[in-house]
Amino acid sequence: MNWPETFRTGAEAVRAHRMRSILTMLGIIIGVSSVILTVGLGQGAQDEVSSQIDALGSNLLVVSPGSTTSTTGIRGGFGSASTLTLSDADAIDDEDVVPDVARVAPVTSTSASLVNGTTNWTTTLVGSTVDWLDVRSRDLSAGRFYTAAEVASSAPVVVLGADTAGELFTGSAVGQTVTVNGSALTVIGVLETSGASSSDSSEDDTAVTPLGTAASVSGTTGTSVSSIYVEGASEGTLGAAYQEINALLLNLHGVDATEADFTITSQEALIDTANSTNRTLTVLLAGVAGISLLVGGIGVMNIMLVSVTERIREIGLRKALGATPGSIGRQFLVEASMLGLAGGVIGVIIAVVGAAVLPGLIDQPVSLSLLATVGALLTSLALGVGFGVYPASRAARLTPIQALRSE
Amino acid sequence: MGDPIIELSQVWKSYETGAVSVHALRGIDARIDEGEYLAVIGPSGSGKSTLMNILGCLDVPTSGEYHLAGQDVSTMTEVELAEVRNRRIGFVFQQFNLLASMTAWRNVELPLVYAGVPRAERKERAIAALTRVGLGERADHKPGELSGGQQQRVAVARALVTEPAMILADEPTGNLDSESTTDVLELFDELSQLGRTIVLITHEYDVADRAGRQLVVRDGQIASPIGAA
Ligand SMILES: Nc1ncnc2c1ncn2[C@@H]1O[C@H](COP(=O)(O)OP(=O)(O)OP(=O)(O)O)[C@@H](O)[C@H]1O
Ligand SMILES: [Mg+2]
């Protein structure tokens, strides 16, 4: 029997045993689409985090108070110890001492309640210098950012995050006034939403003021800051900048490296941490997906085994009429491949549709992975073909009468 | 007559069913010449079908030798056997063995598929074979839509369609009324006149009488031949 004939016979058998064909494909469809979607979810989460981190700027160092490992081996309260001060920021800004630094933005951060008439919104009140905008790689969607003069005079101005502006004002926020702890601040600008395709709104729910303004509004008199953002002169010298700042602060604080009361985090470290977390997530999801593929595969195996057993008489008859074991094997190979491929393709279509629809429903991005798609397709195909062809070619080795007599 | 097309010597067939072994054939010696018309008769369970399956290369003897057209069947490969079944033998099964999902003509064309005959020609020949057994208008019916006798005639048509040199028919008239029986037997007479070798199993002596020679099988052995010795 030649190949076109074999294909015709296979297609006919698929149509003739409609229920069986549907059940076989169902197992494959579920397996394939769940693998693609679960891996896609993990991949999507990973992509989202990396794009969020990218949006922060590529040659950024963040100095935060507290050490990651204290001498007792206990992780120091991250950001809780007020060991970083404005004078640390000023020292880092000194071009002679730290030549590889372009911009420095000390940041204070407190929770504050913003009031516009009867509308009340609690957000993070950030105090910083003019460099904040560049260092954080942010843009304005309306108005302007505060000036160096306004920082120097602790002018009562504020720049709102996009979400914050939306919560407090219905129309344009620029030129309006918000009251924070009794002090009136003029809204001079609104930030563009952060570049990350983020559902996490903390980047967009914020109010930024000059350092002095934030201090006076929140009533804090101290000079401690919650972090210092440092932009390196270039990406290549970021390592040098790290060393310089580290040495400078150790010296200023009068401690040695083992007692460091601050932590310098580079973007790279953040990405590494995020990636390793997400890799764990992806592996976990892939495991779940693998199990569903296995379950689908067992379903396919069962149906294939049963259907071949049912058809051993047919195999016997075909042999009696002149079929070689090879042509029997080819017939079942074509049948199983058609079922496997059709199921696989439908599974991929469902996964693609799911990837398009799902983000809107569960607020999670889904990235389709070619590797997962191809892997799932091949696995399901192999399962269908393996369990379809193996028992068939075994049956094809029986004598026609043995096969015809089997139940 | 012509050269021997079938030679059996000391053919045994035993089935192991649990503790007991059934000896369906106990040392059959036989010779069938090319172009011969032979009837095999014998009581139920005597081993007629078992013998026929071995002659059709559908089953293998437990011991003994079977030479088909001079060649020892036990030395043939699977592919050679498939070719013999396909090209040289037309087999009519006692239980018809039609594929339920296929129409009559598709069942009949099946041996031609494995013979590599082109599609258009297959259909033509299948319909012609069905017409010969009086089922021309039933070509598009599935076996389930046909009576037992009609199914039997479809099975006969399938055995004829490749125009094999040898036709092995296991009670081809078992389910037929006298009229259809006469039709099928006339067909066999015709084929015999064309020089085909025909081996026919039957219970009925008047059917057996039409054959040139009768072989009586009893308890897995050849009993004294009746008719032509
Ligand atoms: N697969 C098998 N396993 C065990 N015994 C078998 C098997 N096939 C046939 N037999 C036995 O072999 C003997 C011969 O069977 P066979 O079918 O050849 O009889 P038969 O002469 O064709 O009978 P009938 O006229 O009823 O068709 C019987 O006793 C039967 O029970
Ligand atoms: Mg019988």
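Side chains included, hydrogens not; waters and symmetry mates left out as well; all remaining heavy atoms used. Quick note on labels: first sequence line is chain A, next is B, and so on, each numbered from 1.
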Quiz item: Hey, are the side chains of P400(A) and R85(B) touching, using non-hydrogen atoms and a 4.5 Å cut-off?
Solution: yes
Practice problem: Check whether any side-chain heavy atom of T324(A) lies under 4.5 Å from a side-chain heavy atom of E80(B), and answer yes or no. | Solution: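 Heavy-atom side-chain distance check fails, nothing below 4.5 Å.
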Quiz item: Under a 4.5 Å heavy-atom cutoff, which of L99(B), L98(B), V79(B) has the most pairs with chain A?
Solution: L99(B)
Quiz item: Among L58(B), I89(B), N86(B), D59(B), which has the most heavy-atom pairs under 4.5 Å with chain A?
Solution: L58(B)
Surrounding [atom1] of [X] (heavy atoms of other residues, nucleotides or ligands, distance under 6.0 Å), is the total greater than 12?
X: R218(B); atom1: CZ; result: no
X: L371(A); atom1: CG; result: no
X: D219(B); atom1: CG; result: no

Quiz item: Is chain B contacted by the side chain of A16(A), its backbone, both, or neither, given a heavy-atom distance below 4.5 Å?
Solution: side chain
Quiz item: Is it the side chain or the backbone of R15(A) that comes within 4.5 Å of chain B heavy atoms, both, or neither?
Solution: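 For R15(A), there is no contact with chain B at all, as no heavy atom is under 4.5 Å.
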Quiz item: Which region of R158(B), side chain (C-beta onward) or backbone (N, CA, C, O), has a non-hydrogen atom less than 4.5 Å from a non-hydrogen atom of chain A, or is it both or neither?
Solution: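 Answer is side chain: those atoms of R158(B) sit under 4.5 Å from chain A.
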Quiz item: Which atoms of R122(B) come close to chain A, meaning under 4.5 Å heavy atom to heavy atom: side chain ones, backbone ones, both, or neither?
Solution: side chain
Practice problem: Just give me the residue among R318(A), Q402(A), E314(A) that pairs up with chain B most often, heavy atom to heavy atom, under 4.5 Å. | Solution: R318(A)
Practice problem: Mind checking the CD1-CD1 spacing from I401(A) to I54(B)? Nearest 0.5 Å is all I need. | Solution: 10.0 Å
Quiz item: Nearest 0.5 Å, what's the CG-CG distance between L321(A) and N97(B)?
Solution: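 Answer rounded to 0.5 Å: 9.0 Å.
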Quiz prompt | E78(B) bridged to K319(A) by N-O distance under 4.0 Å | solution =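 Counted as a salt bridge, because a side-chain N and a carboxylate O are separated by less than 4.0 Å.
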Quiz item: For G322(A) and Y114(B), which heavy atoms make the closest approach, and how far apart are they?
Solution: O-CB, 3.7 Å
Exercise. Please test N53(B) against R405(A) for side-chain contact (heavy atoms from CB on, under 4.5 Å), starting from the C-alpha separation and ending with a verdict.
Key: CA-CA 12 Å; N53(B) 293 337; R405(A) 289 264 167 83; 3.9 Å; yes
Exercise. Determine which residues belonging to residues 105-113 of chain B lie within contact range of chain A, meaning some heavy atom pair is under 4.5 Å apart, and list them by number or answer 'none'.
Key: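 Within residues 105-113 of chain B, near chain A: R106(B), L110(B), P111(B), V113(B).
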